[in-house]
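Below is one structure, written out as structure tokens; the observations come after it.
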Amino acid sequence: MPPEVRHSVCALDCPDCCSLLINVENGKGSRLRGDPDHPVTRGFLCGKVARYLEREYSPDRLLHPQRRVGSKGEGCFERITWDEALDEIAEKLTSIATEFGPEAVLPYSYGGSMGYLQGSGMDRRFFHRLGASRLDRTICSAAGGAGLMDALGVRYGTEPEQFRHAKLILAWGANILGTNVHLWPFIVEARRHGATFYTIDPHQNRTGRLSDKHFFINPGSDTALALGMMHVIVGENLHDADYVAKYTLGFDDLRERVTEYPPERVAALTGIAKDEIVTLAREYATTRPSVIRLNYGLQRSERGAMAVRAISLLPALTGSWKEIGGGAQLSTSGAFQVNRNALERPDLQLRSPLGREARIVNMSQLGMALSELENPQIHALVVYNSNPAAVAPNQNSVLKGLCRNNLFTVVLEQFQTDTADFADIVLPATTFLEHTDVYFAYGHYHLQLARPVLPAPGETKSNVEIFRLLAGRMGFDDACFTESEDGMVRGLLDSSHPFLKDISIEELDREHSVRLRVASNGDAFLPFAQGGFGTPSGKCEFNACTLDYTPPAESRHGDAALRSKYPLELISPKNDDSMNSTFGYRPDRDHETSVLRLHVSDAERRGISSGDQVRIFNDRGSCLLGAEVDGSVPAGVICAPSTRWPKMSPQRSNVNVLTSERLTDKGGGATFYSCLVQVEKSGD
Ligand SMILES: Nc1nc2c(c(=O)[nH]1)N[C@H]1C(S)=C(S)[C@@H](COP(=O)(O)OP(=O)(O)OC[C@H]3O[C@@H](n4cnc5c(=O)[nH]c(N)nc54)[C@H](O)[C@@H]3O)O[C@H]1N2
Ligand SMILES: Nc1nc2c(c(=O)[nH]1)N[C@H]1C(S)=C(S)[C@@H](COP(=O)(O)OP(=O)(O)OC[C@H]3O[C@@H](n4cnc5c(=O)[nH]c(N)nc54)[C@H](O)[C@@H]3O)O[C@H]1N2
Ligand code: SF4
Ligand SMILES: [Mo]
């Protein structure tokens, strides 16, 4: 019998949100591939998900509820039944909420699943009804989101499908081949038609190696480059006066402000030569269409919001939004205006014992929250879709918090992560191949629905089902806690936004993937061709009085005292073959996340050669990696692809022992890539 082919959607935290086909034989998945009919997936998958069935059927999958028997972090557990697990959790959460107030409970979740139901559905309802502290989910994109809102007033931009029409493409802090590979074929097509492709990044990764020119930029200095480009564009009258007059606000002040950023000054700040800045600016303004793919890499620095804002102003200055294949894209997520109130039910907070909106806790400061927060102190932590012991900044502070004996921790997981090792109760979760969900994307405009294509193994349950059961145990009798998955989908689709118009569960079930109603069928979506910005004025607001550049404190132009102790700027961008820490259980594929890339001058000064084990340290902690001395980073910058599991690493620590809980200029984001360290050859 030929295998049955079923349809699914990749739920990993990736802009591409691929449409998948799976061969199923006798109830078992035998092959995964990209859906050839999907306009962005176009028939292929990244390497990690092409092999996702290894994860699906891994002997390391968690299949039963467990209770901790050893000490926290040790990883000793005993099997228990679902009834025992749910009873114990309900009893603990109830007694903690009664004794300390419900805000003593903190949910902690992020990108394990990008599905609406599993990531922001029944879980949110549960915590709202309980009156738990609300988590500000800032760890990834909050600074960039704030920057986009300042510049454009919405969080969306150029469609990936239109990149094929561009004549100049700037990948600005965007590792397209590694983290957004489905944009690549459109870039290849554009280049076949004569387009030029440049990369702007402190690290020359695979994408940078395939570009026509790579610009090494000092970490966190992108705002200076954008302002320097504006200096040249405005100074040489290369801006689009007509677009600027019709659809922007504050040009005269901008013209004034950018005089402060002549190429000589910008060269000193960014590390890019003066002539190159001038040429880049001219080329950007005069090549039509020019498009910028910026990604989140550049906003993981202290002034990340400003950087995104400054870059996002460039297409308005040159009028590039008018052109098919012009504009810029950081995210498309803001176009998915589903009915979040119906999905998450924030109104339930008023029915909680708290009777008001609960306080907000920033996830990028988990360590501080667990050790310093008062009134009330956090006494229960419920983690799902996330592995904070590996991915959150200032790891030693996070682990100290997770070790607290008066903290009750529940972890919903597919694998026994470092975080799960600190749990009192671990609950086994399904994968995206085993549950229903609806998916938005942050790299395209197609909304997708996936049904389970494989049976849930062992006693695994979906997040939706787990929170539904817990709600029952806690005595929450609101009708929303017994709602079916389909009911939840109908609720979230019940939106008055024109982009969602008439999209129904029936259409999603039939088509699997539906393009948002952003333009007529087949037409390109040009979001700001005729203005239409989401700002208060409806125009792109330059707001020059707040537009400026200050170097991050943790950078080569920052805090001099700190720099004298810790002279190297560490970035820890994504690894091609990983998804943050999701695949960290594979010891055989750990190579990329075990290396530290250094410039030859920095290595020689410390007597380090390729292959040496090196110790990287600062006041927050230290970790060990294997040196690779290559030409991929400039002097003063070191790069450690992230993120491996601490427990699979020497000294049980990864790079996040070095990163800080300092927040970005806006949005309260994490500053993973503003991190000063020292490196030495390790004796161990
Ligand atoms: N293979 C793979 N794909 C992934 C992920 C993964 O872990 N692995 N993670 C997913 C997630 S959670 C996200 S948020 C996206 C992120 O996708 P990206 O934003 O593309 O990924 P990053 O690695 O964070 O950063 C992109 C690039 O920014 C560079 N960079 C760092 N600092 C600066 C700076 O100051 N200025 C400039 N110009 N560049 C800088 C980095 O060197 C990197 O090459 O990718 C998703 N896709
Ligand atoms: N140094 C450094 N640190 C970083 C970054 C960096 O670039 N450098 N990037 C940051 C960024 S951008 C992000 S987004 C965060 C990512 O941080 P996280 O969102 O925590 O990402 P993952 O490490 O992939 O962990 C997701 C976990 O969810 C689990 N999971 C998947 N699906 C489900 C499900 O349906 N149910 C349940 N219960 N669990 C599920 C997976 O098994 C996995 O362990 O990391 C941040 N940390
Ligand atoms: S991780 Fe990204 S590229 Fe890979 S299959 Fe999933 S959505 Fe596609
Ligand atoms: Mo992310």
Side-chain angles (χ1 to χ4, degrees), residues 9-20 32 34 41 44-50 52 55 108-115 118-119 139-141 171-176 178-182 199-205 207-208 215 217-222 225 294-301 304 307 383-388 390-393 411-415 417 419-420 427-432 434-435 437 441-443 462-463 466 552 571-585 633 639-643 654-656 658-659 670 672-675:
V9 176
C10 175
L12 297 188
D13 186 353
C14 167
D16 298 1
C17 195
C18 286
S19 175
L20 311 183
L32 271 176
T41 307
F44 75 100
L45 300 176
C46 66
K48 55 196 174 290
V49 173
Y52 193 85
R55 176 177 170 89
Y108 197 93
S109 72
Y110 203 68
S113 167
M114 297 306 275
Q118 309 300 333
I139 203 162
C140 171
S141 61
W172 196 327
N175 178 8
I176 292 165
T179 61
N180 179 205
V181 65
H182 290 83
T199 44
I200 305 172
D201 197 307
H203 177 219
Q204 187 170 22
N205 51 37
T207 311
F215 296 85
I217 187 167
N218 293 335
S221 69
D222 302 275
L225 178 59
L294 55 163
N295 213 329
Y296 287 107
L298 60 84
Q299 51 95 67
R300 298 187 219 292
S301 66
V383 182
Y384 54 101
N385 296 350
S386 188
N387 183 11
V391 304
V411 176
L412 286 60
E413 249 304 344
Q414 299 162 346
F415 283 79
T417 59
T419 309
L427 301 175
T430 44
T431 69
F432 63 86
E434 300 155 5
H435 51 232
D437 220 324
Y442 60 101
S462 71
N463 295 345
I466 295 172
I571 56 167
S572 47
K574 312 299 185 215
N575 168 36
D576 288 2
D577 191 36
S578 306
M579 178 51 63
N580 303 311
S581 77
T582 294
F583 294 94
Y585 63 95
V633 284
C639 174
S642 62
T643 0
N654 70 16
V655 279
N656 280 326
L658 303 162
T659 54
F672 291 109
Y673 303 168
S674 293
C675 181

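Bear in mind that the values here come from a model prediction, so they are computed numbers and not experimental data. Ligands are counted one by one from 1 in listed order, and the atoms in each one are counted from 1 as well. Excluded from the calculations below are hydrogen atoms, water molecules and symmetry mates; all remaining heavy atoms, backbone and side chain alike, are included.
Lys574 NZ, 2.6 Å is the protein heavy atom nearest to atom 9 (N) of ligand 2. What sits closest to atom 4 (Fe) of ligand 3 on the protein, heavy atoms only, is Cys46 SG, 2.3 Å. Looking only at protein heavy atoms, the nearest one to atom 6 (Fe) of ligand 3 is Cys10 SG, 2.4 Å. In this structure, atom 2 (Fe) of ligand 3 lies nearest to the protein heavy atom Cys14 SG, 2.3 Å. If you check which protein heavy atom lies closest to atom 5 (S) of ligand 3, you get Val49 CB, 3.4 Å. The closest protein non-hydrogen atom to atom 18 (P) of ligand 2 is Ser386 OG, 3.9 Å.
Nearest residue to atom 27 (C) of ligand 2 from Arg300, Arg55, Glu413 is Glu413 (criterion: closest heavy atom). When the heavy-atom distances from atom 33 (C) of ligand 1 to Ser141, Gly173, Pro202 are ranked, the shortest goes to Pro202. Considering only non-hydrogen atoms, atom 13 (C) of ligand 1 lies nearest to Tyr442 out of Phe583, Phe215, Tyr442, Tyr296. Nearest-heavy-atom check against atom 40 (C) of ligand 2 across Ile571, Asn385, Thr417, Asn656 picks out Asn385. Ranked by closest heavy atom to atom 35 (O) of ligand 2, the top entry among Val383, Thr430, Val411 is Thr430. Residue nearest to atom 41 (C) of ligand 1, selected from Leu225, Asn180, Asp201, Val181: Asp201 (by heavy-atom distance). The option with the heavy atom closest to atom 34 (C) of ligand 1, from among Asp222, Asp577, Val633, is Asp222.
The shell of residues lying under 4.0 angstrom from ligand 2, judged by heavy atoms, includes Met579. Note on ligand 1: Ser578 sits in its first shell, one or more heavy atoms being nearer than 4.0 Å. Assignment of Tyr673 to the shell around ligand 2 is supported, since a heavy atom sits closer than 4.0 Å. Residue contact check for ligand 2: Phe672 places a non-hydrogen atom closer than 4.0 Å to it.
Every atom of ligand 2 with a heavy atom of Val655 under 4.0 Å away is listed here by number and element: 1 (N). Listed by number with element, the atoms of ligand 3 under 4.0 Å from a non-hydrogen atom of His182 are 3 (S), 8 (Fe).
A side-chain donor-acceptor contact under 3.5 Å links Ser642 to the backbone of Pro573.
Of the N or O atoms in Ala174, none lie within a sub-3.5 Å distance of an N or O in ligand 1. Annotation: His435 places no N or O atom under 3.5 Å from an N or O atom of ligand 2; distance criterion only. In terms of N/O distances under 3.5 Å, ligand 1 is not approached by Ser642. Between Gly178 and ligand 1, a contact under 3.5 Å exists for at least one N or O pair. On a distance-only criterion, Pro15 and ligand 1 share no N/O pair closer than 3.5 Å. Polar contact with ligand 1: present for Asn575 (N/O pair, distance under 3.5 Å).
Cys18 lies apart from atom 4 (Fe) of ligand 3 in this respect, since none of its N, O or S atoms is found at a distance under 2.8 Å.
Looking at Thr207 against ligand 1, nothing comes within 4.0 Å, counting heavy atoms.
With respect to Tyr442, the side chain to side chain donor-acceptor pair (under 3.5 Å) criterion is satisfied by exactly one of Asn295, Asn180, Asp16, Asp13: Asp13.
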